[in-house]
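A short write-up of the structure that comes next.
These values consider heavy atoms only, across backbone and side chains, with no hydrogens, waters or symmetry-generated copies.
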Protein chains: 2
Amino acid sequence: MASRISAVSIVEAVASDLRVRIFSGELVSSQALTETDIASSYEVARPTAKAAIEKLVAEGLLVRGVHKTARVADLGPESVRDIYLARAYLESEVLRRLAAGRTVPAAAVQANRDIAALKTGAPLDVVEPDMRFHTSLIDALGNERISKMYSSLVAEVRLCMSRVQSLHLLDTALIQAEHQKLLELIEAGQGEDAARLLDQHLGRARERLVAAMGGEAGPEAELPSSLVGE
Amino acid sequence: MASRISAVSIVEAVASDLRVRIFSGELVSSQALTETDIASSYEVARPTAKAAIEKLVAEGLLVRGVHKTARVADLGPESVRDIYLARAYLESEVLRRLAAGRTVPAAAVQANRDIAALKTGAPLDVVEPDMRFHTSLIDALGNERISKMYSSLVAEVRLCMSRVQSLHLLDTALIQAEHQKLLELIEAGQGEDAARLLDQHLGRARERLVAAMGGEAGPEAELPSSLVGE
DNA sequence: AGCAAACCAATTGTCTAACAAGTACACATG
DNA sequence: CATGTGTACTTGTTAGACAATTGGTTTGCT
């Protein structure tokens, strides 16, 4: 069905489209993606489809063993915890750095403005600007490696999000308010407070995601959420 | 020259051998690696060589633009700073966690014992157990994502090391002593102290590496070397 | 002679076709 | 019912070929 695409690289174009389809939920978890199927649906050769698949496997969006068909990754609650812990490690340190220089990234401000702008629409609409907000903070550090690491984490988060269709659990107003507070703390140079708020922000998102995925909340679910009012 | 190799995957075998040759310094920075050359030297088909190259490009060991020959990555001082900053972000938080649980990884103890054992030999010999020490700490956390991130950083560090042949700047005894101190601080549950010592440990290694690389002729040789002040 | 444009060799991107090897599931058999 | 076998499907790898791009070289014009 997907028509022939051509861009800078056919492999990249195919991988990019598959990525979108995975994030949109069109391709669900554990769905099989054979090389020949992809090759025929995009009207490309099998090696091209193979390369695109391997790209996504390297990104963690697909999984496959030797001589086995690639499948959309099925991330469990423990994976979500790993991902969010890694996010917290990177992002909290970045916040301390930004606060030390009182650097408020313009892109992050804009991203949060976009979140505030969307009052309605599908619940998944908040995912993109939310990820953009956090990515903007990371990118403001100007560290290529850290940005790349964070990108891979964001990709996995989006994969998790696509699994959870009942996203009324995403409180857009709360997300926007906490982002705003983060920016203010950075501007005030209060790095420790910003890092602490971020930990709560990510921790709550993580627990809601784990809960929505049907996973049992872990033993460390007892974070006092009342701290957020602050 | 390189004889035919066969393992679980030919692509992985070729990539693995190239990796060793890069780390050993046999393949120097900016050296061109054409697909046909690799294919003929390993007696594999060109697509296989291509896949191996792309694997190493994804790892950051090789770089290449579209339609251009792959080359061994040439990391400058700013890359070294990025890499070591990322290492510090991840590893210092991991140390705090390990100290909180008073978890002293047996593999790290063994790795440091190996460093103590080698009193002589080529200066590059200390690189492997040193990296193993740090990787053991990270792996003890049991977080798959963080371990993978750290692996990519280690690979780039080893690439830098291979560029610096005059490694008398590596003080084996000092490295071993600081590692020992780190383990003791973890055992004592003093996470903050361990994190602080690690920052110094990594900071010193970074500055030595930058200084050693700065003396050589690099593309960014014209920037004031006084920035490296130690 | 000097500079610019066209040409050419080398390399990569992609495709087609094919065979080998491994996996998974159904089927037959004890 | 359990177990072994076999067959279809899928992936791993190869060979050869052609298009597209890059970079250097050569040619042509002033």
Q | Interatomic distance where CD belongs to Glu54(B) and P belongs to dT13(D) [whole Å] | A | 14 Å
Q.
Just N and O in the side chain of Ser9(A): are any of them under 4.0 Å from OP1 or OP2 of dT12(C)?
A. no
**Q.** Nucleotide dT14(C), atom C1' - distance to NZ of Lys50(A) in whole Å
**A.** 15 Å
Q) In whole angstroms, how far is the P atom of dT11(C) from the CG atom of Leu33(B)? A) 12 Å
Q) Does a side-chain N-to-carboxylate-O contact under 4.0 Å join Glu12(B) and Lys55(B)? A) yes
Q) Do any N or O atoms from the side chain of Asp82(A) and from the backbone of Asn143(B) form a donor-acceptor pair under 3.5 angstrom? A) no
Q. Side-chain N or O of Lys68(B) less than 4.0 angstrom from OP1 or OP2 on dG13(C)?
A. no
Q | Spacing between Glu43(B) atom CD and dA15(D) atom C1', to the nearest angstrom | A | 15 Å
Q. Around atom CZ of Arg96(B), are there more than 12 heavy atoms of other residues, nucleotides or ligands at under 6.0 Å?
A. yes
Q: Ignoring backbone atoms, establish whether Thr69(B) has a side-chain N or O less than 4.0 Å from OP1 or OP2 of dT12(C).
A: yes
Q. Ile10(A) CD1 to dT16(C) P: how many Å, rounded?
A. 10 Å
Q: Flag yes if more than 12 heavy atoms outside Arg97(A) fall under 6.0 Å of its CZ atom; otherwise flag no.
A: no
Q: With heavy atoms under 4.0 Å as the rule, sort Arg64(A) into base, sugar-phosphate or nothing.
A: sugar-phosphate
Q.
Using whole Å, what does the distance between atom P of nucleotide dA10(C) and atom CG of Asp37(B) come to?
A. 12 Å
Q. Taking atom P of dT12(C) as reference, at what distance in whole Å does atom CZ of Arg71(B) sit?
A. 10 Å
Q | base_contact_polar (dT14(C) base, Arg46(A) side chain, donor-acceptor, <3.5 Å) | A | no
Q) What's the closest nucleotide to the Thr48(B) side chain, out of dT11(C), dT11(D), dT13(D)? A) dT13(D)
Q) DNA chain D: Pro47(A) or His67(A), which has the more 5' nearest nucleotide? A) His67(A)
Q. Would you say Ser147(A)'s side chain and Glu144(A)'s backbone share a donor-acceptor pair under 3.5 angstrom?
A. no
Q.
Of the options dT11(D), dT11(C), dT14(C), whose atoms approach the side-chain atoms of Val11(A) most closely?
A. dT14(C)
Q.
Output the rounded distance in Å from CD (Glu35(B)) to P (dT11(C)).
A. 11 Å
